[in-house]
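To keep things clear, I will list the structure first and then write my remarks on it.
Counting starts at 1 for both ligands and their atoms, following the listed order.
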Amino acid sequence: RAKERGRNHYRFYSSTMTSKASMILKLENLLYQAIEENEFCLNYQPQIKLTNNKVTGMEALLRWYHPELGNVSPVKLIPLAEKTDLIVPISLWVLRTACQQNKVWQKAGLSKMPVAVNLSARQFQQPNLVEMVGQVLEETGLEPQFLDLEITETALMQNHDLAQQTLGKLRHLGVQVSLDDFGTGYSSLSYLHKFPVNTLKIDQSFIQSLQDTPQNTAIISAVIALGKTFNLRVIAEGVETLQQLKLLQGLNCEEVQGYWFSRPLKPEDATDFLGQT
Ligand code: C2E
Ligand code: MG
Ligand code: MG
Ligand code: MG
């Protein structure tokens with residue numbers, strides 16, 4: 001059809017399509033190179049217990065700096081990697097690096113705590129996930145209770161039976177499991193007892209509008225109560241201000257994570273942070 005409209009139009013049309021396809025191809029190549037060239041890095045954000053200000057965990061967050069593209073957010077990078085098979089080596093790299101780092105901290109005599117690693121829904125459904133986790137633990141020598149896997153409610157709800165099986169196997173391995181962005185996904189509370197998780201991470205959207213939206217107080221209290229009933233850790237994410245912190249303390253929230261205490265830190269800075277607390 002474009003052809004009928006004349007040469008110029010056709011040329012314009014086809015070159016647009018070519019450039020879009022070639023851009024995706026280019027990104028894929030860059031991502032592939034990123035693995036080979038070690039362009040990835042993990043930053044670590046502390047999780048803090050409010051009663052004693054102790055670090056209860058470190059969340060590993062993926063960073064990719066490319067000289068041409070600049071910083072590429074994991075929110076973009078992970079879905080792109082998932083469209084290709086690159087998600088497999090990236091998952092392995094993240095898991096291995098986080099476990100190695102935690103082992104380094106332990107060997108340095110810093111107080112022991114789990115390192116948290118995010119898994120996308122797709123990653124959680126990878127058939128060899130449990131095997132890969134087991135291998136990385138063995139290879140790095142990290143005891144399983146010091147690895148915490150963060151998944152979303154959506155990942156669990158996509159395929160209940162598979163999710164339940166996978167969670168069972170992961171718990172059998174002895175690793176911890178956290179429900180990330182809790183409250184935003186499509187989930188039913190009645191399923192909670194079927195999924196053996198250790199931690200609920202209240203999504204940052206509830207915390208950030210805490211002062212303006214009184215309903216959020218009720219939601220946060222409910223999640224904290226739920227955690228007490230099921231004997232789960234509850235972490236409030238995205239705590240940025242003292243005011244938010246005070247409100248959370250008032251709700252008997254025990255653990256927080258967010259810019260107020262620390263931004264995600266480069267490995268060296270994370271080590272310093274652990275040394276000071
Ligand atoms: P998430 O797991 O919910 O991580 C929390 C995000 O909020 C991080 O963004 C973190 O830097 C940011 N954050 C922490 N404290 C605050 C705060 O006080 N205020 C605000 N506004 N933001 C805060 P980041 O690092 O850009 O990661 C975004 C998402 O990308 C993560 O959300 C996670 O779902 C995903 N992600 C990150 N690393 C990985 C990874 O290695 N694998 C997978 N599959 N996903 C990852
Ligand atoms: Mg997370
Ligand atoms: Mg989150
Ligand atoms: Mg998130």
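If you check the side chains of Gln211 and Gln243, you find a donor sitting under 3.5 Å from an acceptor. Using a 3.5 Å distance cut-off with no hydrogens or angles, the side chains of Thr152 and Asp180 do not pair a donor with an acceptor. At a cut-off of 3.5 Å, with distance as the only test, a side-chain donor of Ser209 or Asn216 sits close to an acceptor on the other residue. Using a 3.5 Å distance cut-off with no hydrogens or angles, the side chains of Glu237 and Gln257 do not pair a donor with an acceptor.
At a cut-off of 2.8 Å, Asn118 is counted among the residues with an N, O or S atom near the Mg ion (ligand 2).
Contacts with ligand 1 closer than 4.0 Å are made by no heavy atom of Lys201, backbone or side chain. Here Asp181 has side-chain heavy atoms under 4.0 Å from ligand 1, and that is the only part of it that gets that close. Under 4.0 Å from ligand 1, the heavy atoms of Val94 that appear belong solely to its side chain. Residue Asp180 touches ligand 1 through its side chain alone, judged by heavy-atom distances below 4.0 Å.
Using a 4.5 Å cut-off between side-chain heavy atoms of Ile, Leu, Val, Met, Phe, Trp and Tyr, with links allowed through other members, Val197 and Phe230 fall into the same hydrophobic cluster.
Applying the 4.0 Å criterion to heavy atoms of Val239 picks out, from ligand 1, the atoms 18 (O). Interface of Gln208 with ligand 1, defined as ligand atoms under 4.0 Å from a residue heavy atom, comprises 19 (N), 20 (C), 21 (N). Residue Pro264 has at least one heavy-atom neighbour below 4.0 Å for each of these atoms of ligand 1: 11 (O). Per-residue contacts place Gly258 under 4.0 angstrom from the following atoms of ligand 1 (heavy atoms of the residue considered): 15 (N), 18 (O). Less than 4.0 angstrom separates some heavy atom of Gln45 from each of these atoms of ligand 1: 14 (C), 15 (N).
For the side-chain hydrogen bond (donor to acceptor under 3.5 Å, both in side chains) with Gln47, the qualifying choice from Glu59, Lys54, Arg233, Glu255 is Arg233, the only one to do so. Results of the side-chain hydrogen bond (donor to acceptor under 3.5 Å, both in side chains) test with Gln158 over Arg122, Gln125, Glu153 single out Gln125 as the only residue that passes. Of the residues listed (Ser120, Ser73, Ser91), the one engaging Ile78 in a side chain to side chain contact (heavy atoms under 4.5 Å, CB included) is Ser120, and it is the only one.
Side-chain contact between Gln244 and Trp260: absent, with no pair of heavy atoms (C-beta onward) separated by less than 4.5 Å.
Geometrically, ligand 1 and Glu59 share a nitrogen or oxygen pair separated by less than 3.5 Å. Any N or O atom pair closer than 3.5 Å counts here, and Gln257 shares no such pair with ligand 1. Residue Ser73 has no N or O atom closer than 3.5 Å to an N or O atom of ligand 1. At a 3.5 angstrom cut-off on N or O pairs, Leu62 counts as close to ligand 1.
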Discussion item. Test salt bridge (Lys or Arg N to Asp or Glu O under 4.0 Å) on Glu28 and Lys83; report intermediate values, then the result.
Written reply: CA-CA 9 Å; Glu28 282 178 18; Lys83 291 207 187 92; over 6 Å; no
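Atom CG of Asn52 has more than 12 heavy atoms from other residues, nucleotides or ligands within 6.0 Å.
Across every non-hydrogen atom of Pro89 and Ile35, the tightest pair is CG-CD1, 3.9 Å.
Of all the N, O or S atoms in Glu59, the one closest to the Mg ion (ligand 2) is OE2.
Of the candidates Ile90, Asn43, Thr184, Leu61, Leu61 brings a heavy atom nearest to atom 10 (C) of ligand 1. When the heavy-atom distances from atom 44 (N) of ligand 1 to Gln204, Glu240, Gln123 are ranked, the shortest goes to Gln123. When the heavy-atom distances from atom 39 (C) of ligand 1 to Ile87, Val256, Leu77, Asn118 are ranked, the shortest goes to Asn118.
Centred on the Mg ion (ligand 2), the angle running from Asp180 (OD2) to Glu150 (OE1) is recorded as 90°, rounding to 10°. Between Asp181 atom OD1 and Glu237 atom OE2, the angle centred on the Mg ion (ligand 3) amounts to 160° (nearest 10°).
The aromatic rings of Tyr44 and Trp105 sit perpendicular to each other, their planes meeting at more than 60°, with 30° as the lower class boundary.
For Arg263, the closest heavy-atom approach to ligand 1 does not fall below 4.0 Å. The closest approach between Arg63 and ligand 1 falls below 4.0 Å for a heavy atom of the residue.
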